[in-house]
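Report on one structure; see the data block that follows.
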Amino acid sequence: MASISRKPKLWTVEQDDLLKQLVENHGSQTWPMICQEFLETSGVKRTPKQCRDRWVNNLRSEKNDAPWKEEEVMILFDNQSKYGNQWSIIAKEMKGRTENQIKNLFYSTIRRNIRKFNKGKLDLERIKFKSLSILENQEIRNILTTRKSISKNFFLKTFLTKEAVNVIQSQFSQQQSTVCTENKTNYLALPEMNFTTDDFYISDDSGSSNPTFESEDLLYDNDYTTLEFSDLLNNPIY
DNA sequence: AACCGTGTCAACCGCCAGATA
DNA sequence: TTATCTGGCGGTTGACACGGT
């Protein structure tokens with residue numbers, strides 16, 4: 001079956017002006033009427049849904065198009081943690097940012113960090129995204145909400161604990177999983193604890209087989225939760 | 001200069017709940 | 001009571017710009 005094209009149909013300034021005018025006349029609750037009048041006036045066919053989306057996402061309020069500040073991003077992730085994916089509620093707390101802007105930033109951050117984290121890792125070590133519920137695991141959340149400025153080393157040297165792997169696998173429990181038998185390398189996992197990416201840096205011991213995460217107060221090595229690949233083979237986790 | 005990967009944004013889509021006929 | 005309509009919302013897609021190689 002041929003896929004249906006969904007080429008976006010961009011709005012012109014004239015169309016925006018007309019839509020604003022119509023909303024002014026009829027209010028923002030009567031979209032079928034608005035889109036009918038829109039068609040009669042402009043000759044352009046837009047569905048009620050398209051009109052509403054355009055209004056809500058771009059025209060309704062004064063939109064802040066400035067690049068996101070670090071504080072805003074932190075507030076966004078705090079709010080997401082508090083309210084879940086209720087973007088409309090989050091948007092109300094973030095003046096000038098629309099629901100769409102907030103959603104876009106959130107998902108692009110998640111996607112970026114998944115890509116960075118998975119790069120160079122074996123299939124079993126990777127974060128597989130099915131739904132945002134995996135963020136309920138604090139460890140995965142810390143990885144996926146990491147800021148843009150964090151170094152590649154952070155992702156290279158960070159591995160999932162058994163518990164985090166379980167969380168991910170549970171989302172795919174209905175699917176057949178495969179076990180890679182080629183690599184017997186130990187998995188070095190982060191400790192199960194709350195931290196922010198400001199709390200530590202990765203020590204410069206690139207020649208060592210035991211990457212070390214350090215902070216001003218804490219020093220970790222692989223004495224803590226370490227997941228060995230042989231364990232996985234002997235005790236499948238799914 | 002060309003290509004590729006990545007990030008951002010607007011628009012689209014599908015689902016759900018409430019209102020109404 | 002049921003079917004249909006509508007608005008609201010979360011999640012996804014496609015286009016485009018930009019930077020790195």
Side-chain angles (χ1 to χ4, degrees), chain A residues 1-20 22-23 25-39 42 44-70 72-73 76-77 79-94 96-121 126-136 140-141 143-156 171-172:
Chain A
M1 193 165 66
S3 62
I4 300 163
S5 161
R6 66 169 205 179
K7 191 170 177 151
K9 201 168 142 194
L10 298 177
W11 287 71
T12 64
V13 175
E14 292 76 22
Q15 289 172 9
D16 278 348
D17 288 343
L18 175 58
L19 183 61
K20 281 184 202 165
L22 292 173
V23 171
N25 294 346
H26 302 295
S28 57
Q29 303 280 316
T30 52
W31 297 109
M33 185 197 289
I34 287 171
C35 95
Q36 179 60 33
E37 211 168 316
F38 188 90
L39 174 63
S42 67
V44 178
K45 174 74 185 154
R46 295 282 188 182
T47 66
K49 223 175 176 48
Q50 285 176 308
C51 291
R52 183 193 168 271
D53 277 352
R54 183 63 186 171
W55 173 253
V56 169
N57 292 332
N58 294 277
L59 307 175
R60 181 167 58 180
S61 52
E62 202 61 39
K63 201 170 111 189
N64 177 6
D65 283 323
W68 284 79
K69 292 182 191 145
E70 206 69 76
E72 283 183 296
V73 177
L76 164 56
F77 283 120
N79 283 334
Q80 197 278 336
S81 167
K82 216 190 306 179
Y83 301 116
N85 308 334
Q86 298 180 80
W87 308 116
S88 55
I89 294 175
I90 295 171
K92 282 179 190 132
E93 298 213 357
M94 303 188 69
R97 299 296 188 183
T98 67
E99 291 168 43
N100 223 23
Q101 284 178 301
I102 289 167
K103 257 189 304 185
N104 280 334
L105 185 91
F106 188 82
Y107 282 107
S108 63
T109 302
I110 297 294
R111 274 196 296 267
R112 180 183 63 241
N113 287 335
I114 286 178
R115 201 161 40 223
K116 282 185 174 179
F117 179 83
N118 287 345
K119 199 166 187 176
K121 291 195 171 69
R126 289 182 178 149
I127 293 175
K128 295 160 193 85
F129 182 77
K130 192 167 185 184
S131 86
L132 287 177
S133 64
I134 59 171
L135 294 179
E136 286 163 20
I140 297 173
R141 185 180 184 85
I143 293 167
L144 296 191
T145 59
T146 293
R147 293 200 303 277
K148 216 173 165 181
S149 53
I150 295 300
S151 74
K152 277 183 188 172
N153 267 351
F154 166 75
F155 294 99
L156 279 173
Q171 293 198 336
F172 291 87

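Note on naming: letters A, B, ... go to the chains in the order of the sequence lines (proteins, then strands), and numbering restarts at 1 for each one.
Backbone-only contact: A/Asn85 has heavy atoms under 4.0 Å from sugar-phosphate atoms and none from a base. A/Thr47 comes within 4.0 angstrom of no nucleic acid atom, judged by non-hydrogen atoms across all strands.
Between A/Trp87 and C/dG11, a side-chain N or O to OP1/OP2 separation shorter than 4.0 Å is present. Contact between the side-chain N/O atoms of A/Ser108 and the OP1/OP2 oxygens of B/dG7 is not found at any separation under 4.0 Å. OP1 or OP2 of B/dT6 has at least one side-chain nitrogen or oxygen of A/Arg115 nearer than 4.0 Å. Contact annotation: A/Arg52 side-chain N/O to C/dT6 OP1/OP2 distance is not under 4.0 Å. At B/dA10, none of the side-chain N or O atoms of A/Asn104 fall inside 4.0 Å of OP1 or OP2 (strictly under the cut-off). Listed pair A/Lys9 / C/dT13 fails the phosphate criterion, with no side-chain N or O lying under 4.0 Å from OP1 or OP2. Look at A/Gln50 and you won't find any side-chain N or O under 4.0 angstrom from OP1 or OP2 of B/dA11. Under 4.0 angstrom from either OP1 or OP2 of B/dG7 there lies no side-chain N or O belonging to A/Arg111.
If you take CG of A/Asn100 and C1' of C/dT12, they are 11 Å apart, rounded to a whole angstrom. Atom pair A/Tyr107:OH and C/dC9:C1' shows a separation of 11 Å (rounding to whole Å applied). For the pair A/Leu19 CG and B/dA10 P, the interatomic distance rounds to 15 Å; values are reported in whole Å. In this structure, CZ of A/Arg112 is placed 14 Å from C1' of B/dG5, rounded to the nearest angstrom. Between A/Lys103 atom NZ and B/dC13 atom C1' there is a gap of 11 Å when expressed in whole angstrom units.
Between A/Trp11 and A/Phe38, the ring centre distance stays below 6.0 Å.
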>> Between A/Lys63 and A/Gln101, is the side chain to side chain contact (heavy atoms under 4.5 Å, CB included) condition met? List the steps.
In response: CA-CA 9 Å; A/Lys63 201 170 111 189; A/Gln101 284 178 301; 3.7 Å; yes

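With B/dC12, C/dG7, C/dG10 as the candidates, the nucleotide lying closest to the side chain of A/Pro48 is C/dG7. Here the nucleotide nearest the side chain of A/Asn57, chosen from B/dC13, B/dA11, C/dG10, is B/dA11. Taking every side-chain heavy atom of A/Pro8 into account, B/dA11 is the closest of B/dA11, B/dC13, B/dG14.
At least one donor-acceptor pair under 3.5 Å links the side chain of A/Gln86 to the backbone N or O of A/Tyr83. A donor-acceptor pair under 3.5 Å is formed between the side chain of A/Lys121 and the backbone N or O of A/Phe117.
Below the 3.5 angstrom threshold, one finds no donor paired with an acceptor across the side chain of A/Asn58 and the base of B/dA10. The base of B/dG5 has none of its N or O atoms less than 3.5 Å from a complementary donor or acceptor on the side chain of A/Lys119.
A donor and an acceptor atom, one from each side chain of A/Gln15 and A/Arg46, are located under 3.5 Å apart.
A 3.5 Å limit on both hydrogen-bonding distances identifies no Watson-Crick or G-U partner for B/dA1.
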